[in-house]
Trainee: 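Here it is, the structure in full.
Just so you know, these numbers come straight off a predicted model, no measurement behind them.
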Amino acid sequence: MSLALVACSAGDAAVVPTAAASGGGGSGGPVGAAATSAGVGAGAGAGGAAPSADMTAPESVATPVPEFTAPTTVAATTAGPLSAKDFPTFPGWSRGIGEGDDGRYLPNGTWVHDVVPRLAVADLMAQGCAERPADVPTPTAALGATYVGPKQQPGTALALAFGTAAEAQSFAALYRSRAQGCARNPAAGLPTTVLSTAPRLVDRKDLGTDGMWVELAQPQGARFVVAMLADPDGSLWRRGAGLASWGAW
């Protein structure tokens with residue numbers, strides 16, 4: 001599953017991947033497949049932290065689906081300044097071997113793969129309950145990762161590299177705002193429960209037939225990293241506030 005698996009809102013254009021000729025494609029994991037339908041929604045309830053004043057979402061516009069052509073080369077294991085070292089580690093979770101996410105990229109036998117930056121952004125912006133904002137910071141590189149949980153449950157992550165730390169912070173604020181918007185409006189297609197927003201976004205999404213997923217996201221200098229971990233039995237979510245500092249980032 002890819003990070004784009006989370007359903008997009010009824011107003012958002014879904015990311016319908018086709019992969020990039022360079023070998024890297026969409027993000028893969030829970031941030032990918034559900035983006036193909038606003039009906040395969042995610043969410044773990046309508047609750048969540050109230051948005052702060054600086055979390056107001058920018059003006060939105062309808063955005064066309066990015067083109068995505070079939071990959072022809074094996075995905076790279078690095079992207080610009082990004083490498084496997086940019087991903088967090090979580091107790092009990094191990095590195096999984098990426099399997100290509102249904103043709104979104106060609107597997108390279110490792111747990112990481114490069115992603116086309118504009119497709120990575122499209123995947124992440126599909127996870128909102130409003131149309132994509134008009135002004136979204138564009139990363140210079142993107143890298144995806146695959147995790148396996150202690151009970152063999154799937155996990156995925158996406159790292160974005162920006163030109164400046166300010167751009168990464170801006171993207172993180174926008175991403176938090178969209179999660180909070182879904183928490184306020186579960187009927188929009190992606191009901192979400194937000195536990196905390198700073199310095200790390202922690203929320204839970206219900207992906208329907210794909211079950212419950214815990215999301216952890218935060219900026220790190222000029223990078224933004226988001227992880228989605230399957231939580232079918234609720235054991236991760238029961239960590240509560242501890243998720244804000246869980247894992248090594």
Trainee: Mind checking the CG-CG spacing from Leu236 to Leu229? Nearest 0.5 Å is all I need.
Mentor: 6.0 Å
Trainee: Partners of Thr78 by side-chain hydrogen bond (donor to acceptor under 3.5 Å, both in side chains), sequence neighbours excluded?
Mentor: none
Trainee: Does Thr77 have any side chain to side chain contact (heavy atoms under 4.5 Å, CB included) partners at least two apart in sequence or in another chain, and if so, which?
Mentor: Asn108, Thr110, Val112
Trainee: Specify the closest pair of heavy atoms between Val214 and Trp237, including all atoms of both residues, with the distance to one decimal.
Mentor: CG2-CE3, 3.9 Å
Trainee: From Leu160 CG over to Thr140 OG1, what is the distance, rounded to the nearest 0.5 angstrom?
Mentor: 9.0 Å
Trainee: So which atom in Pro219 and which in Pro199 form the shortest heavy-atom distance, rounded to 0.1 Å?
Mentor: CD-O, 4.0 Å
Trainee: At their closest point, which heavy atom of Ala168 faces which heavy atom of Ala222, and how far apart are they?
Mentor: CB-C, 3.7 Å
Trainee: Within the distance-only criterion (no hydrogens, no angle test), does the side chain of Ser196 pair as donor or acceptor with the backbone N or O of Ala198 below 3.5 angstrom?
Mentor: no
Trainee: On a heavy-atom basis, which atom in Ala142 and which in Ala120 lie closest, and how many Å separate them?
Mentor: CB-CB, 3.8 Å
Trainee: Answer yes if Val148 and Met212 sit in the same cluster of Ile, Leu, Val, Met, Phe, Trp and Tyr residues linked by side chain heavy atoms under 4.5 Å apart, and no otherwise.
Mentor: no
Trainee: For a 4.5 angstrom cut-off between non-hydrogen side-chain atoms, does Pro186 reach Thr192?
Mentor: no
Trainee: Could you walk me through whether Leu158 and Leu143 pass the side-chain contact (heavy atoms from CB on, under 4.5 Å) test, one step at a time?
Mentor: CA-CA 6 Å; Leu158 187 62; Leu143 196 67; over 6 Å; no
Trainee: Kindly say whether Ala145 contributes a backbone atom to a donor-acceptor pair with the side chain of Thr156 at under 3.5 angstrom?
Mentor: yes
Trainee: Please round to the nearest 0.5 Å and tell me the distance separating atom OG1 of Thr197 and atom CD of Gln180.
Mentor: 5.5 Å
Trainee: Once you round to the nearest 0.5 Å, how far does CG of Leu243 lie from CG of Leu195?
Mentor: 6.5 Å
Trainee: Taking all non-hydrogen atoms of both residues into account, name the closest pair between Pro107 and Gly98 and its distance.
Mentor: CB-O, 3.5 Å
Trainee: Check this for me: does any side-chain nitrogen of one of Lys205 and Glu215 sit under 4.0 Å from a carboxylate oxygen of the other?
Mentor: yes
Trainee: Can Val136 be reached from Leu201 by stepping across I, L, V, M, F, W or Y side chains whose heavy atoms are under 4.5 Å apart?
Mentor: yes
Trainee: Quick one: list whatever passes side chain to side chain contact (heavy atoms under 4.5 Å, CB included) with Pro88, sequence neighbours left out.
Mentor: Phe90, Tyr147, Val225, Trp249
Trainee: Holding to side-chain hydrogen bond (donor to acceptor under 3.5 Å, both in side chains), I want the full list of residues that pass it with Gln218, two or more places apart in sequence or in another chain.
Mentor: Arg200
Trainee: Closest approach of Pro139 and Val121, non-hydrogen atoms and distance?
Mentor: CD-CG2, 3.2 Å
Trainee: Which pairs with one or both residues in residues 73-83 pass salt bridge (charged side-chain N to carboxylate O under 4.0 Å, His left out), sequence neighbours excluded?
Mentor: none
Trainee: Treating Arg178 as the side-chain partner and Met125 as the backbone partner, does any N or O pair qualify as donor plus acceptor under 3.5 Å?
Mentor: yes
Trainee: With sequence neighbours excluded, what pairs up with Thr164 under the side chain to side chain contact (heavy atoms under 4.5 Å, CB included) test?
Mentor: Ala166, Glu167
Trainee: Who are the side chain to side chain contact (heavy atoms under 4.5 Å, CB included) partners of Pro232, not counting sequence neighbours?
Mentor: Gln153, Ala230
Trainee: Measure the CG-OH distance between Asp101 and Tyr105 for me, rounded to the nearest 0.5 Å.
Mentor: 6.5 Å
Trainee: Give me each pair satisfying salt bridge (charged side-chain N to carboxylate O under 4.0 Å, His left out) with a member in residues 219-242, each pair once, sequence neighbours excluded.
Mentor: Asp86-Arg223, Lys151-Asp233
Trainee: What residues, two or more places apart in sequence or in another chain, satisfy ring-ring contact (aromatic ring centres under 6.0 Å, His included) together with Phe224?
Mentor: Phe171, Tyr175
Trainee: Roughly how far, to the nearest 0.5 Å, is OG1 of Thr73 from CG of Asp114?
Mentor: 7.5 Å
Trainee: Can you pull out every salt bridge (charged side-chain N to carboxylate O under 4.0 Å, His left out) where at least one residue sits in residues 72-84? Sequence neighbours excluded, please.
Mentor: none
